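For the single chain, residues carry numbers from 1 onward in sequence order. Just so we're clear, the structure is a prediction, and the values are computed from it rather than from any experiment.
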Amino acid sequence: STPSNSSAASDVYKRQHLNGTYQPVQPTYQPVQPTYHASFESDAKANKAVKNVFAFAILLLVIGLLRFFTGFLNIGELGELNEGLGSVANQVAYKALKAYVSLSYTEIVMHVAIVACASAIVALTAKVRNAKFPIADESIFESYKKAFIASCVMLGVLVVYTIVEICGLSVLIELQGLYGEDVFSAATWAGSFVWTLLLLASGVVCLISSLKLSKKQN
């Protein structure tokens, strides 16, 4: 056979034996999913802040509930004191007693506000607290923006609450001076101070952490 015939036969042989067994590899394109970072120095700090926001929101909720129920248990005595104000209208202690009753009722309302704000922060952060930075879902930032707004309201409530507590203690000191006896113990004063300070600190942590978590790193 001639060389040209031999080459043709070889080509036919290759086509017959390779056809169906050789599949060309098609290039595949897998888009890289973007990831996002919060406005912290590192993802580790961002993930720690996620835990802090949720934990301190829970703490605010627990303290708010405890303070509310404590105040609610004494609401009967407070009502009796309020009803008896008329009998001491001409006494020196009347203004102080009236102020004490008003501040006590205000305190109960403030406890309700604290519980409501803390519940909102817990609800907003509970569904995203398991997400780890860097993240692929941008909607998480929106959740923390809402948590930041709730934290702003919470801190405002806590500032007013602190003022109410300070006014309440000053009224008790005044009553103590008027009656010449211990109206409240040092433990009561210290406990009120510690609770208020703990609430304020927790509110500040929630505010700062949720603010930084609501912003994407540039």
Side-chain angles (χ1 to χ4, degrees), residues 51-126 129 146-147 149-207 209-210:
K51 294 179 181 178
N52 286 343
V53 171
F54 186 73
F56 280 96
I58 291 290
L59 183 61
L60 284 164
L61 180 59
V62 171
I63 294 176
L65 285 171
L66 286 174
R67 298 286 288 171
F68 170 75
F69 284 120
T70 301
F72 189 77
L73 288 174
N74 297 323
I75 201 167
E77 296 178 7
L78 195 61
E80 291 177 5
L81 180 59
N82 187 40
E83 289 177 1
L85 281 175
S87 61
V88 294
N90 298 321
Q91 296 182 18
V92 181
Y94 174 75
K95 282 184 69 175
L97 287 170
K98 186 176 181 181
Y100 173 76
V101 171
S102 298
L103 288 168
S104 296
Y105 279 124
T106 303
E107 187 183 51
I108 293 173
V109 174
M110 298 306 296
H111 290 153
V112 174
I114 290 170
V115 170
C117 291
S119 298
I121 299 171
V122 170
L124 289 166
T125 56
R129 69 187 181 93
K146 293 176 182 177
I149 294 171
S151 297
C152 287
V153 177
M154 168 66 86
L155 194 59
V157 169
L158 291 175
V159 169
V160 176
Y161 178 74
T162 302
I163 295 171
V164 170
E165 288 292 288
I166 292 171
C167 291
L169 286 172
S170 66
V171 168
L172 286 174
I173 292 171
E174 183 181 352
L175 287 170
Q176 187 168 282
L178 289 170
Y179 285 104
E181 58 184 33
D182 291 337
V183 177
F184 66 101
S185 64
T188 302
W189 182 89
S192 179
F193 177 77
V194 170
W195 282 120
T196 304
L197 194 62
L198 191 57
L199 283 167
L200 274 174
S202 300
V204 170
V205 170
C206 286
L207 180 74
S209 297
S210 60

Partner residues of E165 under the side chain to side chain donor-acceptor pair (under 3.5 Å) criterion, sequence neighbours left out: R67, S192
Name all residues meeting the ring-ring contact (aromatic ring centres under 6.0 Å, His included) criterion together with Y161; count only those two or more places apart in sequence or in a different chain, and write none if there are none. H111
Give the minimum heavy-atom separation between I121 and S151, together with the two atoms involved. CD1-OG, 3.6 Å
Tell me the closest heavy-atom pair linking C117 and A150, and the distance in Å. CB-O, 4.5 Å
Across all chains, not counting sequence neighbours, the side-chain contact (heavy atoms from CB on, under 4.5 Å) partners of L103 are V164, C167, V171
Got a second to check how far L124's CG is from S119's OG, nearest 0.5 Å? 10.5 Å
To the nearest 0.5 angstrom, please state how far the OG1 atom of T162 sits from the CH2 atom of W195. 14.5 Å
Contacts under 3.5 angstrom, residues 82-97 side chains, donor-acceptor by atom type, not counting sequence neighbours:
{"from": "S87", "atom 1": "OG", "to": "G84", "atom 2": "O", "distance (Å)": "2.6"}

Interatomic distance, N52 atom CG to S210 atom OG [nearest 0.5 angstrom]: 11.5 Å
Listed pairs under 3.5 Å, donor-acceptor, residues 55-65 side chains, sequence neighbours left out:
none

Listing, residues 70-80 side-chain donor-acceptor contacts under 3.5 Å, not counting sequence neighbours, or none:
{"from": "T70", "atom 1": "OG1", "to": "L66", "atom 2": "O", "distance (Å)": "2.8"}
{"from": "N74", "atom 1": "ND2", "to": "T70", "atom 2": "O", "distance (Å)": "3.3"}

When rounded to the nearest 0.5 Å, the distance separating CD of Q176 from CG of L169 is 11.0 Å
Whether over 12 other heavy atoms sit under 6.0 Å from Y100 OH: no
Atom CG in L158, atom CG in L197: separation rounded to 0.5 Å? 11.5 Å
